[in-house]
Amino acid sequence: MSLIIDESMFGKPLRVSGTIYLEDASEDEDTGTTTGDQDTENQGTGDQESGELDTDGSGTDTDSQNETPETDDVDTGESGDAENDGNTEVIGYAKLRTMMNIRDKNSLDSEIVTIYKKDTFVPILQYCSNSWVRIICEEADCGYAYVCNTDNIYLIIGKSIYTVQKGDTIKSIAADLLGDEERYTEIKSLNEFSSNVIAEGQVLLIPEV
C-alpha cells in the first residue's frame, strides 16, 4: 500500500483506504512464555552453583578459612581408640605456632573438638607415640583432647610457663627459675625471641630446670 500526503491536509482528519495485516499475537505470547521459563531455569541453576561454592553467603569458600597446617603431609595417626596412658597431671606446656584443630583422638580421621588460635598455651598430659600430644581441653566433655605435632613443627614445648611481673628481666627470671642467670639464653631460644626485651604480663615457656 502506498500513501501520498498533501501538506495542506495537516491539522485535518485523514482517511486512508487499504488493508492492514496484523501478526498472530499468540506466537509472541508463546515465545515470551518460553523465554521466561528459560530465564527461570537459568536462575535456578545459578543459585545451585552458588550454593556449592559458598555455603554461608559470604562469597568465599568457608572450608579454606578453617584449614590448618595439620592437613598437609603429616602423620595421620591410626584410626581406632585414642592413645591414653591415664595420666591426669600436667607434664609440660605447649605454645601453638599456628592455628590448629584440636581433636578427640590422636588421628586426623577423628572429630574436631575445637580450634585454637596461634600462640595459645596448652597444658600437656601425654606425648603420644605418633607425635601427637594429649592436652587439657575445657571444650572436650572428657576434659582432654589431642593436637598434632609431627616433626615438632606445630608446637613449642617447655616444662612450665611463667607470667612476667613488673621489674622482671629475662636474666632475673633465669636466675630465679633455673638457678643461673646465664641460662636466659635457653629461655630466649625456647620462646624464639630475637631480643632480650620482655613485657609485664607476657607468658614465657620455661625449659627443664
Residues in side-chain hydrogen bond (donor to acceptor under 3.5 Å, both in side chains) contact with Tyr184, at least two apart in sequence or another chain
none
Contact list for residues 193-209, test side-chain hydrogen bond (donor to acceptor under 3.5 Å, both in side chains), sequence neighbours left out
Lys188-Asn196
Counting only N and O atoms by type, is there a donor-acceptor contact under 3.5 Å from the side chain of [X] to the main-chain atoms of [Y]?
{"X": "Asn106", "Y": "Glu83", "result": "yes"}
{"X": "Glu192", "Y": "Leu190", "result": "no"}
{"X": "Arg103", "Y": "Cys148", "result": "no"}
{"X": "Asp151", "Y": "Ile153", "result": "no"}

Are [X] and [Y] linked, directly or through other ILVMFWY residues, by side chains that come within less than 4.5 angstrom of each other?
{"X": "Leu125", "Y": "Phe121", "value": "yes"}
{"X": "Ile91", "Y": "Leu96", "value": "yes"}
{"X": "Ile173", "Y": "Val209", "value": "yes"}

Working to the nearest 0.5 Å, report the span between [atom1] of [X] and [atom2] of [Y].
{"X": "Asp104", "Y": "Thr114", "atom1": "CG", "atom2": "OG1", "result": "12.5 Å"}
{"X": "Lys105", "Y": "Asn84", "atom1": "NZ", "atom2": "CG", "result": "12.0 Å"}
{"X": "Lys171", "Y": "Glu182", "atom1": "NZ", "atom2": "CD", "result": "5.5 Å"}
{"X": "Asp176", "Y": "Gln165", "atom1": "CG", "atom2": "CD", "result": "11.0 Å"}
{"X": "Glu181", "Y": "Ile170", "atom1": "CD", "atom2": "CD1", "result": "11.5 Å"}
{"X": "Ile156", "Y": "Asp119", "atom1": "CD1", "atom2": "CG", "result": "8.0 Å"}

Ignoring hydrogens, what is the shortest heavy-atom contact between [X] and [Y]? Give both atom names and the distance.
{"X": "Cys137", "Y": "Ile102", "answer": "SG-CG2, 4.2 Å"}
{"X": "Pro207", "Y": "Ile187", "answer": "CD-CG1, 4.0 Å"}
{"X": "Ser131", "Y": "Thr150", "answer": "CB-CA, 3.9 Å"}
{"X": "Gly158", "Y": "Leu205", "answer": "N-CD2, 4.0 Å"}

So [Y] and [X], do their side chains get closer than 4.5 Å, heavy atoms only?
{"X": "Met99", "Y": "Ile115", "value": "yes"}
{"X": "Tyr144", "Y": "Ile136", "value": "no"}
{"X": "Val113", "Y": "Glu139", "value": "yes"}
{"X": "Ile157", "Y": "Tyr127", "value": "yes"}
{"X": "Asp168", "Y": "Tyr162", "value": "yes"}
{"X": "Asn191", "Y": "Ile198", "value": "no"}
{"X": "Ile206", "Y": "Leu204", "value": "yes"}
{"X": "Val203", "Y": "Tyr93", "value": "no"}

Should Asn87 and Arg134 be marked as a side-chain contact (heavy atoms from CB on, under 4.5 Å) after you check the CA-CA gap, both sets of side-chain angles, and the distance that decides it?
CA-CA 10 Å; Asn87 177 56; Arg134 185 165 66 91; 4.0 Å; yes
Might you confirm whether atom CG of Asp85 has over 12 heavy atoms from other residues, nucleotides or ligands at distances under 6.0 Å?
yes
For Thr169 and Ser172, test the side chains for any donor-to-acceptor distance below 3.5 angstrom and give the result as yes or no.
yes
